[in-house]
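Structure first, then comments.
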There are 2 protein chains.
Amino acid sequence: MMTEKRKLTLKDIAKALGLSVSTVSRALKAHPDIAKETIELVKKYAEDNHYVPNLLAVNFRKSRTYNLGLIVPEIVHHFFSTVISGAISEANSQGYNILVTQSNDLLEVETKASQIMLNGSVDGLLISISNETTTAEHLNAYLSEGKPIVQFDKITDHLSCPKVIVDDFEGAYQATTHLISQGYKRIAHIRGRKDVKNACDRYEGYLQALRDANLPTSDDLVMCCSAISEEEGYSFTAELMEGRTPPDAIFCITDLVAFGSLKYLKEKGYAIPDQVGLMGFSNWMISETTTPTLSTVNQHGYEMGREATKLLLQLIKDQNLNSEDTTILKTELIIRESSMRQKG
Amino acid sequence: MMTEKRKLTLKDIAKALGLSVSTVSRALKAHPDIAKETIELVKKYAEDNHYVPNLLAVNFRKSRTYNLGLIVPEIVHHFFSTVISGAISEANSQGYNILVTQSNDLLEVETKASQIMLNGSVDGLLISISNETTTAEHLNAYLSEGKPIVQFDKITDHLSCPKVIVDDFEGAYQATTHLISQGYKRIAHIRGRKDVKNACDRYEGYLQALRDANLPTSDDLVMCCSAISEEEGYSFTAELMEGRTPPDAIFCITDLVAFGSLKYLKEKGYAIPDQVGLMGFSNWMISETTTPTLSTVNQHGYEMGREATKLLLQLIKDQNLNSEDTTILKTELIIRESSMRQKG
DNA sequence: CTGTTAGCGCCTTCAA
DNA sequence: TTGAAGGCGCTAACAG
């Protein structure tokens, strides 16, 4: 059973055909210098004997791995899995493989993972940084060594490389404006960490929408998550609703948080959307399965993955293209039952 | 900005220190032959000058990539993402990276992807085959070349290698038995394709549970999905409920199908679980977010990923270990509202 | 203890 | 149009 025959090499072909290794090498690439008959001869022999070039040798010779690294905070996460899917699709179509790993939102893990990858396993890195990542020394070293990096979704300005994000400000602005258009007046926001950029952008979008509608803003209406969990959604909603002047709508940083919020509201018998309106963010699958279904903002993760990968491959193929533009993808407001007070 | 300094090599260190390349190489590995002072000298120099071995060269030399391939039908899929997460965790802990791709349940894509990976990009492959995969020529070739493969979840017997699955029969048996214990008498099953093994195993488990309880079995109670989609869940449930003698419980091949089923039942005003009981399979996140929450069977994807990876790494490290055992992981019945007719 | 030599498989000048 | 030779960076067998 253990055939384990040694793989055919150029040398073998050369010997068999009475040619030199270099001729065989060139013939297989149909180099113009080589005689047509030789090319055919070699190609036929190679094919018949199932010659497969030794990738390890080729890559070593070219100093290329033809792999891209991809680091996300969490893999078991609807949004990130769509990004991964898009990245893989684009990479594969250009002959690259994707090497995936997760940081679990820990800086230490992210640091180690990026080192392992960039120390020779990949030609470039796609990364969405962890919640703990506020500096970027662990990545800047590689950047200046010439290893290209592209950031997406959760980004930091301390790393000057191309970035692909969603228009978090605009998405939050639209979501809040939609709530306002449905007649909600006291709109609360359960936000994410203050040191995470997209959480801040969403918060700013929320604020701006209120201001533009001449609605009051108040710190009492804003709660700040750290883990972005269902539990936080539940307990912050409790805090909001049990307060002196409870809100009539809640905009949550994420669908998961909104689900926690929904749970509390339903338990306490609030009518949604009539008494309290609710919006999430990210368009996870769960936003379609709750009752009522959850209004949200689609972040187009698949496109984000494709776009980030495209940029990274450009950088890899054209080394002296030294971009650090931020690509901002449009979000899409998805209105479902949890915020549709004005029927029809 | 473009520093792009050439990386330090062993040769550079050797020259700088007036040693030979091989001495430097061995010193860095603390080879017992080398004098302690030399080792320290070399190590210090290497550290001070940030020497990093050229992975491409090392791997070429060792004919190893230290990468594992992982192919799943779909990445944006709760269960598979948990498997991926487990696989990555185990692989990373043993110094391997995971290269992920998806087949989209297409044999052609799966074939191409496995070829690309096994032609030198990875040292072994973890694969959950597509719905279209009924033979395994595209994989057997590599197996006999000595490239180890481990199958998980969706497997085929045409490929003799280790396999890791969940006890689909037992899981379905328990699920059905649970429905029976809740007093349901006419239990329907919306199953998957007849040429997919785990779909068949679940079907058999369902049948056996009915038989063991002396309940009638009938083809009228069994519907057969092909895409395993929400839409199929919806329409097959319609077909079942609009039939002559509708069931009083439905066991679905997957949570997604069960969600489609739930949608139909709620639309038509059936009381769940009182009039109709419902069970899914796989414990997706959505099974916690529906109303009522969905009873289901947990497949422990994370453990499956870890276990499959462990086996693959054993095979890689011990080439003449020629196992083809099937590891069967226990499932876990998760009882939620959709099947809890007997309160308390 | 250390150095010399050879080679992994492929590509690419340079020379014929 | 083809071949010979050298080298990518590292490892390991063999000498000394």
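Reminder, nothing fancy here: chain letters follow the sequence lines and each chain counts from 1. Being a predicted model, the structure only gives us computed values, none of them experimental. Hydrogens, waters and symmetry mates play no part in the numbers below; they use all other heavy atoms, side chains included.
Counted by atom type alone, A:Glu110 and A:Thr133 present one or more donor-acceptor pairs between their side chains at under 3.5 Å.
In this structure, the nucleotide among C:dT12, C:dT2, C:dC8 sitting nearest to the side chain of B:Ile34 is C:dT2. Of the candidate nucleotides D:dT1, D:dC10, D:dC8, D:dC10 has the atom lying nearest to any side-chain atom of B:Pro53. Relative to the side chain of B:Phe60, the nucleotides C:dC8, C:dT2, C:dC11 differ in distance, and C:dC8 lies closest.
In this structure, the CG atom of B:Asp12 is 8 Å from the P atom of D:dG9, given to the nearest Å. Here C:dG9 presents its C1' atom at 12 Å from NZ of A:Lys7, a figure rounded to the nearest Å. Spacing between atom CD1 of A:Ile39 and atom C1' of D:dT2 amounts to 12 Å, rounded to whole angstrom units. Regarding A:Leu10, its CG atom lies at a distance of 12 Å from the P atom of C:dC8, rounded to whole Å. One can place CG of B:Leu8 at 14 Å from P of D:dC8, the figure rounded to the nearest angstrom. Distance CG (A:Leu55) to C1' (C:dC10): 12 Å, rounded to an integer number of Å. Distance, A:Lys15 NZ to C:dG9 C1': 14 Å, rounded to whole Å. As rounded to whole Å, 20 Å separates atom P of C:dG7 from atom CG of A:Leu56.
Applying the 3.5 Å distance criterion, the base of D:dA12 shares no donor-acceptor pair with the side chain of B:Ser25. At a cut-off of 3.5 angstrom, counting only N and O atoms as typed in the model, there is a donor on one side and an acceptor on the other between the side-chain of B:Ser22 and the base of C:dT4. Residue side chain B:Arg61 does not reach the base of C:dG9 through any donor-acceptor N/O pair under 3.5 Å, judged by distance alone.
The aromatic rings of B:Phe152 and B:Phe80 lie perpendicular to each other, with more than 60° between the two planes, well past the 30° mark. The aromatic rings of B:Phe60 and A:Phe60 lie parallel to each other, with less than 30° between the two planes, well short of the 60° mark. Taking the six-membered ring where the residue is Trp, A:Phe79 and A:His77 present perpendicular rings, their angle passing 60° and hence far from 30°.
Put simply, B:Tyr51 has a side-chain N or O that comes within less than 4.0 Å of OP1 or OP2 on D:dC10. Between A:Thr38 and D:dT2 there is a side-chain N or O to OP1 or OP2 distance below 4.0 Å. In terms of phosphate contacts, B:Lys29 brings a side-chain nitrogen or oxygen within less than 4.0 Å of OP1 or OP2 of D:dT11. Between A:Ser20 and D:dG3, a side-chain N or O to OP1/OP2 separation shorter than 4.0 Å is present. The side chain of A:Thr23 contributes an N or O atom lying less than 4.0 Å from OP1 or OP2 of D:dG3.
DNA chain C is contacted by both B:Ser63 and B:His31; B:His31 maps to the nucleotide lying nearer its 5′ end (nearest heavy atom per residue). Nearest-nucleotide mapping onto DNA chain D: of B:Val58 and A:Pro32, the residue sitting toward the 5' end is A:Pro32.
Side-chain atoms of A:Asn140 and A:Leu159, non-hydrogen and from C-beta on, do get closer than 4.5 Å to each other. A:Ile165 has its side chain within reach of A:Thr326: a pair of non-hydrogen atoms, C-beta onward, lies under 4.5 Å apart.
Overall bending of the helix from C:dC1-D:dG16 to C:dA16-D:dT1, expressed as the angle between end axes built from five pairs apiece, is 50° (10° steps).
Other residues, nucleotides and ligands contribute over 12 non-hydrogen atoms within 6.0 Å of the CD atom of B:Gln94.
In terms of heavy-atom proximity, B:Ser121 sits nearest to B:Ile116 at OG-O, 3.5 Å.
At a threshold of 4.0 angstrom between heavy atoms, the contacts of A:Asp33 include nucleobase atoms, whether or not backbone atoms are also involved. Looking at heavy-atom distances under 4.0 Å, A:Gly120 makes no contact with the nucleic acid at all.
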